[in-house]
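Model, not experiment: these values are computed from the prediction. Counting starts at 1 for both ligands and their atoms, following the listed order. In what follows, every heavy atom counts, from backbone to side chain, and hydrogens, waters and symmetry copies are set aside.
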Amino acid sequence: MLENKKIILGVCGGIAAYKAVELLRLLTKGGADVHVIMTRAAREFVTPLTFQTLSSNPVHTELFNLIEEGAIGHISLADRADLFIVAPATANVIGKIAAGIADDLLTTTVMATKAPVLFAPAMNVNMYSNPIYQENEDKLRRLGYLFEAPVCGSLACGWEGEGKLAAPETIFESAVAALTAKDLAGRTILITAGPTREELDPVRYISNHSSGKMGYALARAARRRGAQVLLISGPTSLPRPDGVKVVSVTSAVEMQREVMARVAECHVVIKAAAVADYRPLMRNSSKIKKQGDSATIELVKNPDILAGLGGMNGGSAPRPFLVGFAAETDSLAENAVKKLSEKNLDMIVANDVSQFDAGFNVDTNRALLVFKDGSSCDCGLMSKDQLAGTILDHVAARLAEH
Ligand code: PMT
């Protein structure tokens, strides 16, 4: 995701400096080459050795360092960056940059870089709401600097309120978004994810092993590429993706209702959810008692949401670009082509869910993409994040053609 990206992580002096360690870990795990700059105050909270060990790069601390100036230099560091993150960013550093003061390595490098700069402020709640700070932030925003706002919570200074550093995962997501081309800007994409649950009684249900990982990866990826994302999700334990509107549902009938209520505003629908094909004929209002040695549950067919979308004739709103999934255990390509045609789709993502590293509840997938024009693309084994990127590459390319 961040392969071949050089990121400078500026760390200022604040108790939240320890969270920059977790952010560094996420960035390097994402494939970025991270170079850390620490202010003098930051070194009071965390040692450079921690950042050096985790980044596998020397930590930069001094503006005038004879060895570094010869070999790298602060201007060269600024020039080579794809992205600059300052986390935590203090009121002091933000104020200095807003005023054009460059009196240490961090402020000098931020001012010298042409790369996008993302500030993640953290400070006392009253400092944060102080009009002087707010004016500085507004000025930098107007100049194109990016901000990941702090969140509310109990602060190290004893106060309660806005000023807590955003979660490292949230800053990471903004960093990836800042480095991603916005080829889906202006598009609204509806994604379904997770399983449905079809209740038998208040304590039992019929469901499947979908974790929601595939659909959530698509939602995050679409958001990064500038789309407005509506995620209609069955029950999962995954965190809600930042910047995505999430609608939670339980059953297939509920999912159908929420999809149909929103489809008119969407350019693309991607159905990664594993929808139960059948539901119990009856839902008992009280727990079904154990009786006899066997039991029979009568099932009725659920609506096929995707087939319903494929059958839309457009009406006043044009039919969205439809991407279905096919979860197969055999005859992958044949079944995918059959579903593509029967449900009248533009594209189908067929995954062989009999493989241990593909399909349900794993972080990887193996997919065959099949298109309406008969072409196909075998994606092989990749992470669900990577597959989401590949699916959206095809969606963006085909939207651009029309
Ligand atoms: O959630 P994860 O753990 O990450 O797992 C990912 C996944 C395996 C669930 C995902 O990759 C996947 O394959 N999703 C589709 C699962 C499925 O229901 O496949 P299907 O072949 O039964 O259905 C075909 C298509 O019709 C799907 O897009 C499905 O959403 C849709 N459908 C199915 C039945 C129904 N009643 N309504 C539908 O809209």
request  = Give a yes or no on whether the backbone of Ser331 and the side-chain of Asn335 come within a donor-acceptor separation of less than 3.5 Å.
outcome  = yes

query = Does a side-chain N-to-carboxylate-O contact under 4.0 Å join Asp277 and Lys301?
reply = no

query = Are Met255 and ligand 1 in contact, using a heavy-atom cut-off of under 4.0 Å?
reply = no

ask   = Would you say Asn302 has any N or O atom under 3.5 Å from an N or O of ligand 1, going by distance alone?
value = no

ask   = Under the 3.5 angstrom rule, does the side chain of Asp82 hit a backbone N or O of Ala115 as a donor-acceptor pair?
value = no

Atoms of ligand 1 close to Ala326 [distance to a heavy atom under 4.0 angstrom, numbered from 1] = 21 (O)

query = Quick check: does Val362 get an N/O under 3.5 Å from an N/O on ligand 1?
reply = no

ask   = Side chains of Gln52 and Thr50: donor-acceptor distance under 3.5 Å anywhere?
value = no

key: Distance from atom 18 (O) of ligand 1 to nearest protein heavy atom, with residue and atom   = Ala274 CA, 3.4 Å

task = If you have a sec, work out which protein heavy atom is nearest atom 5 (O) of ligand 1 and how many Å separate them, to one decimal?
result = Gly359 O, 3.4 Å

request  = Identify the protein heavy atom lying closest to atom 33 (C) of ligand 1, giving its residue, its atom name and the separation to 0.1 Å.
outcome  = Lys343 NZ, 3.9 Å

task = Answer yes when Lys339 and Asp304 have at least one side-chain N-carboxylate O distance shorter than 4.0 Å, and no when they do not.
result = no

ask   = Just distances here: any N/O of Phe325 and N/O of ligand 1 closer than 3.5 Å?
value = yes

task = Would you give the length of the straight line joining atom CG of Asn302 to atom CZ of Arg279, rounded to the nearest 0.5 angstrom?
result = 5.0 Å

request  = Would you please indicate if the ring centroids of Phe45 and Tyr18 are separated by under 6.0 Å?
outcome  = no

inquiry  = List ligand 1 atoms under 4.0 Å from Lys213, heavy atoms only on the residue side.
reply    = 1 (O), 2 (P), 4 (O)

pair Met282-Glu298: side-chain heavy atoms closer than 4.5 Å = no

query = Can any side-chain N or O of Ser341 pair as donor or acceptor with the backbone N or O of Val337 at less than 3.5 Å?
reply = no

query = Short N/O distance, under 3.5 Å, between Gly324 and ligand 1?
reply = no

ask   = Which of the atoms of ligand 1 are close to Met214, meaning less than 4.0 Å from one of its heavy atoms?
value = 4 (O), 6 (C), 11 (O)

ask   = Considering only heavy atoms, which of Val353, Leu387, Asn351 lies nearest to atom 11 (O) of ligand 1?
value = Asn351

ask   = Where the closest heavy atom to atom 38 (C) of ligand 1 is concerned, which of Thr192, Asp352, Val259, Asp304 has it?
value = Asp304

4.5 Å side-chain heavy-atom contact, Ile189 and Leu230 = no

ask   = For atom 16 (C) of ligand 1, which candidate among Ala336, Ala358, Ala276, Ala273 provides the closest heavy atom?
value = Ala273

ask   = When you measure from atom 34 (C) of ligand 1 to every protein heavy atom, which one gives the shortest distance, and what is it?
value = Asp277 OD1, 3.3 Å

ask   = Counting each atom of ligand 1 from 1 as listed, which ones have a heavy atom of Lys384 under 4.0 Å away?
value = 2 (P), 3 (O), 4 (O), 5 (O)

Protein heavy atom at shortest distance from atom 22 (O) of ligand 1 = Lys339 NZ, 4.1 Å

request  = Starting from atom 28 (O) of ligand 1, find the nearest protein heavy-atom neighbour and note its residue, name and distance.
outcome  = Lys271 O, 2.7 Å

Salt bridge present between Arg141 and Asp138 (N-O < 4.0 angstrom) = no

remark   = Separation between CG (Leu23) and CD1 (Ile171), nearest 0.5 Å, reads 5.5 Å

ask   = Which ligand 1 atoms does Asn361 reach within 4.0 Å, using its non-hydrogen atoms?
value = 2 (P), 3 (O)

inquiry  = Is the terminal nitrogen or CZ of Arg398 (NZ for Lys, CZ for Arg) located under 6.0 angstrom from the six-membered ring centre of Phe321 and within 45° of that ring's axis?
reply    = no

request  = Tell me, with the steps shown, if Tyr128 and Gln134 meet side chain to side chain contact (heavy atoms under 4.5 Å, CB included).
outcome  = CA-CA 7 Å; Tyr128 185 64; Gln134 287 298 327; 3.9 Å; yes

message = Students should be able to answer this: which protein heavy-atom is nearest to atom 14 (N) of ligand 1, and at what distance?
response = Ala272 O, 2.9 Å

query = Closest non-hydrogen protein atom to atom 37 (N) of ligand 1, residue and atom name please, with distance?
reply = Ile305 N, 3.2 Å

request  = Under 4.0 Å from a heavy atom of Gly212: give me the atoms of ligand 1 that qualify, with their elements.
outcome  = 1 (O), 2 (P), 3 (O)

ask   = Going by the order shown, which atoms of ligand 1 are within less than 4.0 Å of some heavy atom of Pro303?
value = 35 (C), 36 (N), 37 (N)

